[in-house]
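First listed ligand is number 1; within each ligand, the first listed atom is number 1.
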Amino acid sequence: MLKKLIQSLRSPLRRSKHPRSTPVVIGHAKHSMRRAQISRNAINVVERLQKAGYQAYLVGGCVRDLMLGLKPKDFDVATSATPEQVRAEFRNARVIGRRFKLVHVHFGREIIEVATFRANHPQGDDEEDNHLSSRNESGRILRDNVYGSLEDDAQRRDLTINALYYDPSTEHVLDYAHGAQDIQNRQISMIGDPTQRYQEDPVRMLRAIRFAAKLDFDIEKHTAEPIRPLAHLLRDIPSARLFEEVLKLFLGGYAEFTFDLLVEYDLLAPLFPASAAALKNDPQYAGNLMRLALASTDKRIAEGRPVTPAFLFAAMLWPALPARVAQQQARGLPPIPAMQEAAQSLITEQCQHTAIPKRFSMPIREIWDMQERLPRRHGKRADLLLENPRFRAGYDFLLLREDAGENLGGLGDWWTDYQDASDSQRRDMIRDLSDKDDSAAGPRKKRRGGSRRRRGAKSEGTPPPAE
Ligand code: ATP
Ligand code: MG
């Protein structure tokens with residue numbers, strides 16, 4: 001009993017990855033970073049600041065990725081110079097951000113982001129600050145704009161692997177937080193006490209997951225443990241910031257694996273509550289649909305093809321629609337208005353968690369609307385649909401639904417054939433359709449044989465498009 005008590009008192013300290021006040025210096029021969037792999041512009045920025053008498057290093061993702069033999073997405077610089085001092089050194093520099101000032105140094109299309117060393121906002125100093133509290137009642141940091149030393153800067157970073165500093169002039173890597181060791185062991189560890197770090201900024205839980213998926217690293221035990229119990233803290237994060245994070249999670253090229261980790265760590269529900277509920281109700285279909293959409297996003301990114309968040313959000317939310325349509329119908333709304341109403345309310349509800357800008361919410365609705373129209377192919381409708389700018393997205397989405405296990409009576413194949421067919425073949429295809437089924441909705445009868453979920457997702461009898 002006593003032993004357990006002593007252990008529980010000691011363990012938070014033992015498990016903390018407290019940064020050292022003096023770094024381990026990793027010499028050129030002991031790491032794999034080479035100047036030749038680094039953006040010339042980034043090196044110039046660092047050297048120019050150093051010549052002006054400031055400390056300056058490459059830091060964060062670029063050092064981590066180069067130590068792993070990966071190509072960095074961009075190059076970030078950390079310096080002792082204030083944003084104004086940085087701007088004074090470069091003609092092509094712009095200070096951005098009001099609360100959290102950064103400097104962007106522009107070189108054609110490349111932007112080198114320069115941040116001044118920052119310190120953790122000390123806990124418990126709120127009383128001295130009468131105007132603005134720096135933390136809320138759950139410990140979340142509301143302000144993060146205190147400048148500090150290099151040591152402070154290392155301490156306030158999230159993961160050990162993100163707190164490595166590279167000096168291009170000496171080619172040394174400075175390691176304050178066992179980052180090199182974690183890279184070696186392929187492990188994600190939070191700096192400091194993970195619970196406190198997540199309370200300060202719950203988005204760090206998503207970052208831990210994101211890098212675990214991207215790098216295929218394990219999440220170290222003490223870094224992993226508090227995530228499930230603290231997952232709910234994400235509900236307090238402004239929805240615009242969560243939208244940005246969701247894009248990073250799902251458009252980073254490792255969305256399918258990221259999704260699995262989000263589910264495993266109970267982080268899907270605070271981001272997509274309706275989708276998480278649908279996944280629970282129908283793990284097979286909803287899980288298939290979401291994972292297929294994410295896997296195809298990963299594939300497109302790997303092939304350098306464009307991706308749109310609208311398609312992803314349409315897929316993430318689709319399995320949550322039927323229950324809402326049913327609710328609206330139970331309130332007495334006919335099928336079409338029930339569907340429209342359900343789509344609207346689902347998007348509005350989702351926006352409270354992850355803001356969805358209008359330029360994406362419109363196409364989401366259009367992709368869903370297309371699902372109503374694609375079964376209705378009689379007369380001139382099929383040709384009109386083909387000309388619709390949303391046809392492609394709607395058709396891709398239809399195939400996704402079929403791949404996920406929905407039985408739409410061969411509708412996807414029909415559209416695949418129709419696109420390749422000659423004019424006369426197209427006329428035959430429409431005629432055959434009329435021969436088989438004289439209702440406007442084409443495969444409606446077959447769909448009626450399907451599950452409740454499928455029927456619920458439809459608003460049968462949608463009027464033909466207005467075009
Ligand atoms: P990538 O750009 O490849 O996604 P990155 O590690 O550079 O990865 P950024 O979001 O660009 O990620 O952040 C730059 C650095 O800032 C990180 O490496 C990390 O050290 C620090 N950082 C970012 N977000 C946080 C956070 N919420 N809490 C603490 N440190 C953070
Ligand atoms: Mg970065």
Original post:
Where's the contact between V59 and ligand 1, heavy-atom distance under 4.0 Å: side chain, backbone, both or neither?
Top reply: neither

**OP:** Would you check if the side chain of S80 reaches a backbone N or O of Q55 as a donor-acceptor pair within less than 3.5 Å?
**Re:** yes

**OP:** Keeping the roles fixed (side chain from Y176, backbone from Y165), state whether a donor-acceptor pair exists under 3.5 Å.
**Re:** no

**OP:** Give a yes or no answer on whether the side chain of D403 reaches the backbone of L292 with a donor-acceptor pair at less than 3.5 Å.
**Re:** no

**OP:** Just let me know how K214 lines up against ligand 1, side chain, backbone, both or neither, with a heavy-atom cut-off below 4.0 Å.
**Re:** side chain

Original post:
Are D152 and S149 linked by a side-chain donor-acceptor pair shorter than 3.5 Å?
Top reply: yes

Subject >> contact_flag E113 ligand 1 heavy-atom lt 4.0 Å >> reply: no

Subject >> Min heavy-atom dist D201 to ligand 1 below 4.0 Å >> reply: yes

Original post:
How does N162 reach ligand 1, by side chain, by backbone, by both or by neither, if only non-hydrogen atoms under 4.0 Å count?
Top reply: both

Original post:
Closest non-hydrogen protein atom to atom 28 (N) of ligand 1, residue and atom name please, with distance?
Top reply: R204 NE, 2.8 Å

**OP:** Would you check if there is a donor-acceptor pair between the side chains of Q196 and E200 at a distance under 3.5 Å?
**Re:** yes

Original post:
What is the closest protein heavy atom to atom 15 (C) of ligand 1, and at what distance does it sit?
Top reply: R157 NH1, 3.4 Å

Subject >> Contact with ligand 1 for R207, non-hydrogen, under 4.0 angstrom >> reply: yes

Original post:
Nearest protein heavy-atom contact for atom 30 (N) of ligand 1: which residue, which atom, what distance?
Top reply: D158 N, 3.1 Å

Subject >> atom 14 (C) of ligand 1: nearest protein contact (heavy atom, Å) >> reply: D76 OD2, 3.7 Å

Original post:
Are E89 and K51 within salt-bridge range, i.e. N to O under 4.0 Å?
Top reply: no

Subject >> Nearest protein heavy atom with distance in Å, relative to atom 6 (O) of ligand 1 >> reply: R64 NH1, 2.9 Å

Original post:
If you measure from each non-hydrogen atom of K73 to ligand 1, which part falls under 4.0 Å: side chain, backbone, both or neither?
Top reply: side chain

Subject >> Nearest protein heavy atom with distance in Å, relative to atom 7 (O) of ligand 1 >> reply: G61 N, 3.2 Å

Subject >> R156: numbered ligand 1 atoms lying under 4.0 Å from its heavy atoms >> reply: 29 (C), 30 (N)

Subject >> Atom indices of ligand 1, in the order listed, that fall short of 4.0 Å to a heavy atom of F211 >> reply: 6 (O), 8 (O)

Subject >> Close N or O approach (R197, ligand 1; < 3.5 Å) >> reply: no

Original post:
Regarding Y285 and E406, is there a side-chain donor-to-acceptor distance under 3.5 Å anywhere?
Top reply: yes

Subject >> Lys/Arg N to Asp/Glu carboxylate O, D396 vs R392, below 4.0 Å >> reply: yes

Subject >> Within-cut-off N or O pair, G60 and ligand 1, under 3.5 Å >> reply: no

**OP:** Considering the heavy atoms of R210, write down every atom of ligand 1 situated less than 4.0 Å from one of them.
**Re:** 4 (O)

**OP:** Kindly compute the distance separating CZ (R204) from CZ (R157), expressed to the nearest 0.5 Å.
**Re:** 11.0 Å

Subject >> Member of K221, E225, E220 meeting the side chain to side chain donor-acceptor pair (under 3.5 Å) criterion with T223 >> reply: E220

Original post:
Any Lys/Arg nitrogen of D201 or R197 sitting under 4.0 Å from an Asp/Glu carboxylate oxygen of the other?
Top reply: no

